[in-house]
Amino acid sequence: MQSVAGDAVDALYDNISGGVSEEIKAERRAELGLDKPFLVQYANWLKGLVQGDMGISYLSGKAVFPTFMSKLPATLLLMVSSISLTVTVSIPLGVLAAVRQNRILDYVVRGLTFAGNSLPGFFTSLLLIYFFSLKLRLLPVMGGTISLKSIILPTLTLAIAMSSKYIRQVRVTVLEELQKDYVTGARARGVRESVIMYANVLKTAMLTIITLLALSIGSLLGGTAIIETIFMWDGVGKLAVDSILMRDYPMIQAYVIWMALIYVAVNLVTDLLYHFLDPRIRRAHSA
Amino acid sequence: MGALLTATGICKHYRVGRERVHAVHDVSLRIDRGECVGLVGESGCGKSTVAGIVTSLIQADAGRVLLEGRDISAGSGRRRNVCTAIQMVFQSPADSFNPRLTLGDSIIEGLINQGIAKQEARNLTLEYLGLCGLPKTFADRYPHQVSGGECQRASIARAIAVQPKLLICDEATSALDVTIQAQIIDLIAKLRRELSMSCLLISHDIALIWEICDRVMIMCEGEIIEDGIPSDIISHPKQEYTRSLIEAAFLSSAWGGCCS
Amino acid sequence: MSLAGVLLVVSALSPLLAPYDPYVQDLSQALQPPSGMHWLGTDRYGRDMLSRVMVGGRTTLYTALSLVAVISVFGTLVGIVSGYKGGRIDTFLMRVSDIFLAFPGMVFAIAVAGVLGGGLINAVMALAFISWPKYARLARGQVLSIKSLSYFSAARLSGSGTVKIIFRHILPNITGIILVTATLDIGTMIMELAALSFLGLGATPPTPEWGSMMSNGRSMLQTSPWVILAPGCAIFISVVIFNLLGDTVRDVLDPKNNQ
Amino acid sequence: MSSVPPIPLLEIKNVEICYSGTPVISELSLSVRKGEILSIVGESGSGKSTLINAVMGLLGSDGHVSKGKIFFKGKNLLSLSPEARRRTRGPEMGMVFQNHASSLCPIRTIGAQYYEAVRAHRKINRNEVEDMAAAIFEGMNLKDASRILASYPFELSGGMSQRVGIAMAMLLEPDLLLTDEPTSALDVIVKAMVSNELKTLRNEKETSIVMVTHDIGLAAIFSDNIAVLNKGRLVEYGATSSIINDPQDDYTRELIRAVPRIFKR
Amino acid sequence: ANVAAASSGTGEAKGKVFNYGTMAYGVAMGNVGVNPHEGYSGWSTIRYGVGETLFKFNAAMELEPWLAKGYERIDPYTIRIDLRDDVFFSNGEKMTGESVKACLEHLLAAHNRAPKDLQIKSITAHGQSVTITSEAKVPALLNYLSDPYGAIINMKAGISEDKNVVGTGPYVATQISDTEISLVANGQYWNGTPKIDRINIKSITDGDTLTMALQSGEIDAAQGLPYASLQLFRSDDRYKINSASTSRVYQACMNYKSEVIQDDAVRKAIAMGIDKEGFTSVLLQGNGSPTVGPFPANFKFGGDAVKGEPYDIEGAKQVLETAGWVDSDGDGIREKGGHKLTIDWLTYTSRQELPLLAESVQATLKLAGMDVKVNATDNSKDFLKAGKWDVYASAFVAAPTGDPQYYFTTHVVASSDYNRGGYYNDMVEKLVESLGNEFDPAKRGELAVKISQQILDDHAYAYASHLKMSLVMKEGVTGFVAHPSDYYEITANLDKNE
Ligand SMILES: Nc1ncnc2c1ncn2[C@@H]1O[C@H](COP(=O)(O)OP(=O)(O)OP(=O)(O)O)[C@@H](O)[C@H]1O
Ligand SMILES: Nc1ncnc2c1ncn2[C@@H]1O[C@H](COP(=O)(O)OP(=O)(O)OP(=O)(O)O)[C@@H](O)[C@H]1O
Ligand SMILES: [Mg+2]
Ligand SMILES: [Mg+2]
Ligand code: NI
């Protein structure tokens, strides 16, 4: 990656006021080891990594790992809150839209999801801030300090985008499932529609939805970046954007590695969950 | 008559919860060309599983299946050899049709795979549907639009349309009333004569098996416990299970008989 | 269906239909609100928004469409093959897709742009690289459950080869969810392209493109809202149209619904 | 079965049922008393399943009852609200599907679905349900109840899932049990056991049973009345003995003639 | 740091609180913390009123004493600076010659730019004065000392873990993070009484968030608002705006290594094709001033002191026509010798104004028959290195210390770091050299004009405009003034009444 773009020293010194002589830059590069050939830099970095040292941020001069770790909880918090909101909103709404297929409620819900799906994150957040903070004066614009109030807007922003996807996905999967014979079977046994829906249909539909949800955790990890920047949410997303713009490679690498780790972990959990939920697959494997 | 199909030492286990189910346990069987073999046994004794293994749709835990001397066991990578040489009528006909295809399209598919031209394949499809007692219009229906028996007949039509060397019927006539059942049995008998097609009939209808099979195999708890010509088995059942089966069959036919 | 057609045709013909040259600046006319002369107002360079939105549709729609088409087709096929074949092929393909998925999109896009340079094509490629596995995963899950159904066995018995089974028996039964995902993705991709052009990796100025028009105009939401609302509405309308199209196609494909 | 209650439990009056506009059942009237067993026989495709699905109110999106009335316990089912209808299913009428295997949710265990179905109508704990199920299984020659309850539908053989379906309907002890070819996948021994179980249910709980079957032999020994359907019409309807011994319709005669063909050779 | 700890606990809810949102603080700006001896953190020290320098700039960017009383230049290499007698650090200690010496010595030892700028050989302290001896002639020594890194801090109190220091300013930092600084009033401030009790500096890097935070009242003042938002506040009398022209200039550097650009006519035509008026008034929405040369009008050697090409498309056409660039195939783009007149205009996006300039120029030059291909990318460095460009547009603070020499030594001398186009002119080289030996400000100004004029005559650079920097605040805020140097923001005068 490092061979790719300009280096951090350039980026930093050009960002600020005037400019800095190449001499000073060279010195700083030497300090950071950026003057060495790319492969040497890379080898050094790998060596550090093996020893559990992810290097030092070019930008702040602080060790990458603790910096990253100190920001991770904020992002995870935001992720968890937005995913929970998404799940709690989209499953009932998706089911409702499916049950009321082609009736007013369905159209309304679908219309909303279209809107949610065609709003860029930054725009949603602007609208939310505009209404909740400027017009209604209910919530703070910024999430500088983590509190119940400050997490609402960023969570909403992320959840709106995600829910509008999931509502549609849930709706379709549920519609598909509702046509299966076992639904008729359960009806014949007099099982309540809600039980049919939640214990049978949703459980089956969940298989698909969980796949999607796990996938979106990946994109959510990246997607929080813009939102974090807008709401001044001090998490890894914002850190990543800053680092990318400033070519702070140790930071970016740490970010990539960690995201990959988290992602792999999430995937693993999904696979297990999938196994757990779908007996057809579970039993097939253990036979 | 040479052997069309031989299976040796096939085994299949499933795990349900913590228990191990021996669905099929060390079963060997042989079907000759033109022969009609019946497979009878209590429900859950492993008949469908044997059928699945023979058609290599289920991968056996052990054992080999040879079709005309070639290994076609699932997992041997040779499944395509079987192609349409073995056909099966599934026990649950409704599930065996792709819900997004019309019955006609599902049937045509096998014919086209044999290299038959489209138009001709369509004609054949209609013809076989007719032979199974279904009007032409059924070719354009979807599986959910037909009755259980109609679906089963379509399933039979699909199996015989490609003129397989071996036809496996897993309860192929269970959803049919006697008149149509008779029609189907006649059809199969005719195909056997004309194409020297072999048959493996899985059925609970002992009367039917006795009527048309050259040989009967009795299965019990995953094993074949008896194998012989029907009349022998009826008159000299070797196993306790066989005996009770035959008695029950007599009894039920007696009910029918007493009323007429 | 026809709406989508109209949309595509209009954007294809937009250079002929647009009332003004979308590239001509007139700083004295900058940021004019919508009027009889400029139906959607003008942007900060004094260019006619209507013309830019129309011409921008061509770039945006065709890029997003082809992008989604490519990733959904490719991803779905990979997923089907993976689920169908199972075993080692499955493991291999899924690990490969994991690798792509685990890449944070932005980093990857910047890397691609660094190697190949900026520009729309490269941005699209970068997006394609990281988006296809989604479809692969989705398709694989669906295939696994279809595999347990007996019509799948029946199809194998009828002697159909892998390809035929995939196209006739598996694909039609999973198109519903794939199609919905894909139509949803059209909107998403427009958004992602916007994010990339914001970083200078997408469409190059002055080429009009909805996403970048939106992100460039975002600070004017309160002062000159039309600058952001015009492309925003365009995106909304196309998202709606394509989603409806997706739903329609799905319903048409479903035999239980087409009575 | 000699006492005749004043109102029949189920009364079907001049019903016409259409799929997408084409009638498949027309001008059909039937009634079932409390404790009566009615067999419906008829050619494949003659509308048997359609009829009992209509009684259950599960015709699907294509089909609907276009004419006539269906009374259950004096109420016209066709004019009930969906929720009221749901309440009748289960404790009041139960059903065994022709397509038994797919009428169960593929990813939940049999046990869970049993519990759920019983739970929908009365308060009961899971062990009780399983014990009840095990008792019924016993009578149907389903060994190893715990294994079956822990199984998923796809893990059962055809005959097993059919019995599981029957047991599920019986578990709810409905007043009216509609069964669509309940014994098609069963061997003779089991078939006898199952029909005995059904009979016991009728004798003990006065359950009315409507059974669709192709097995006229079974119908003959099992039912009080027989209805013969042909091409959507009721061609014969009456007490079992009179129909079996003195069939009026050609089709019926043919059916009966086909039965005792066993051991011809 | 000790003081900080002591005062942070008290007065939580009491007193006036001022919330300030700024784009200019943060890791990406390299100015986290208030330790002036590290990178650009000195800007934060000065801006947020924690520390002060010996001299400061006035509105005309001329030096005035601040912590110093005055100075005396003893010879070209030696200067004596007299310090005020009434200045105390926020921990109560008095500022003396010794403490200034300690601070500057630490600066020289720790900072990366200072030693090279100042070229100090030795420092001696006597009572309330320090004497500085340089290694070379450094005419701009005092200017450099007025750079934020020259903020005087108490070295005895040291520099804390979180980059906090003890300075002489009206406010004391209590808490410092990457995104926020909390300040409390310095009760012992020497130059008046701070009127606000607590100040929170918040880094807000998103323009819209900043705008809305100001609108919602979460902050009292904002720095770095997008232009569109400025418009919003300008028309709202609940807010007021204070602006100052800075020396940040938008310039276009011509690449002499490129064949088309070597053509004088092309460079001239480009210079004539920049609509500076339109760019500043419309695209920057008035937040800048069109310029001819590199220095703004508030400098003696800036503004009208030099002459350049006016915006004149017809003239540009003429120039190109005469030089043989004609549009022979009628596609609106001129050709010569079979080559189309295509210009690769390289720029970057991290300065929001640059893409605007690029698009504006693209449109105007099209009128003159030039095809401008804009490459606005954050990877501009790579393209620069690869030489794949004709014109490179960038933003640059031309005179951060009020002195012209800096711009010339960084941009026009053949060996300079930012002379990316490889511009070379013998006369310019000589003039810049003499600038290095000249101490008289007036004469330095004259030299600066000459050099600038020569650059313009050669069309080596074209200048579009200087940026105005604006502070937007609630109506009740007083004493909050934008400064051309961009150094001074929070002072003891800052007050707010609601
Ligand atoms: N959804 C549908 N759309 C159109 N026609 C249908 C539909 N479902 C069933 N039919 C037709 O209605 C008729 C009656 O079907 P029904 O399922 O009631 O037959 P059945 O008597 O149960 O037959 P079997 O014994 O074969 O199950 C059949 O001819 C069938 O093709
Ligand atoms: N996929 C599976 N997973 C676990 N157990 C299975 C599976 N398929 C079948 N079995 C078990 O294997 C045994 C044999 O089943 P099989 O379907 O072969 O029976 P069958 O002889 O066809 O019975 P029937 O006449 O009832 O159809 C049964 O006990 C069944 O529960
Ligand atoms: Mg079976
Ligand atoms: Mg039926
Ligand atoms: Ni075994």
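Residue numbers begin at 1 in each chain, while the letters A, B, ... track the order of the sequences.
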Would you give the length of the straight line joining atom NZ of D:Lys191 to atom OG of B:Ser43, rounded to the nearest 0.5 angstrom? 12.5 Å
Apply side chain to side chain contact (heavy atoms under 4.5 Å, CB included) to residues D:His214 and B:Ile180 and explain how you reach the verdict. CA-CA 10 Å; D:His214 292 300; B:Ile180 292 169; over 6 Å; no
Tell me, yes or no, whether the heavy-atom count around D:Glu138 atom CD, taken from other residues, nucleotides or ligands under 6.0 Å, exceeds 12. no
Interatomic distance, D:Tyr251 atom OH to B:Asp177 atom CG [nearest 0.5 angstrom]: 3.5 Å
Drop me the distance from D:Ser184's OG to B:Leu176's CG, to the nearest 0.5 angstrom. 10.0 Å
Heavy-atom pairs under 4.5 Å with chain B - which of D:Gly63, D:Gly158, D:Gly47 has more of them than the others? D:Gly158
Bottom line for D:Asp180: the part with an atom under 4.5 Å from chain B's heavy atoms is neither
Option that, when pairs with chain D are counted at under 4.5 Å, heavy atom only, ranks first among B:Ser244, B:Gly41, B:Cys151, B:Ser174: B:Ser174
Do you know which of D:Arg163, D:Gln162, D:Arg147 has the most heavy-atom pairs under 4.5 Å to chain B? D:Arg147
Which heavy-atom pair separates B:Gln91 from D:Ala185 by the least distance, and what is that distance? NE2-CB, 4.2 Å
Give, for atom CD of B:Gln152 and atom OG of D:Ser44, the distance between the pair rounded to the nearest 0.5 Å. 8.5 Å
Below 4.5 Å, heavy-atom pairs only: which of B:Ser92, B:Gly148, B:Pro93 has the largest tally toward chain D? B:Gly148
Quick check on D:Glu43 against chain B: is it the side chain, the backbone, both or neither that has a heavy atom closer than 4.5 Å? both
Under the criterion side chain to side chain contact (heavy atoms under 4.5 Å, CB included), I'd like the reasoning laid out for D:Asp62 against B:His144: C-alpha separation, chi angles, the key distance, then a yes or no. CA-CA 10 Å; D:Asp62 296 350; B:His144 67 274; 4.2 Å; yes
How long is the straight-line distance from CE of D:Met160 back to SG of B:Cys45, given to the nearest 0.5 Å? 10.5 Å
Please flag which part of B:Val146 lies under 4.5 Å from any non-hydrogen atom of chain D: side chain, backbone, both or neither. neither
Positive for side chain to side chain contact (heavy atoms under 4.5 Å, CB included) with B:His204, one of D:Ile189, D:Thr183, D:Asp187: D:Asp187
Is the CD atom of B:Glu221 crowded by more than 12 outside heavy atoms at less than 6.0 Å? no
With a 4.5 angstrom heavy-atom cut-off, could you sort out which part of B:Glu42 is near chain D: side chain, backbone, both or neither? both
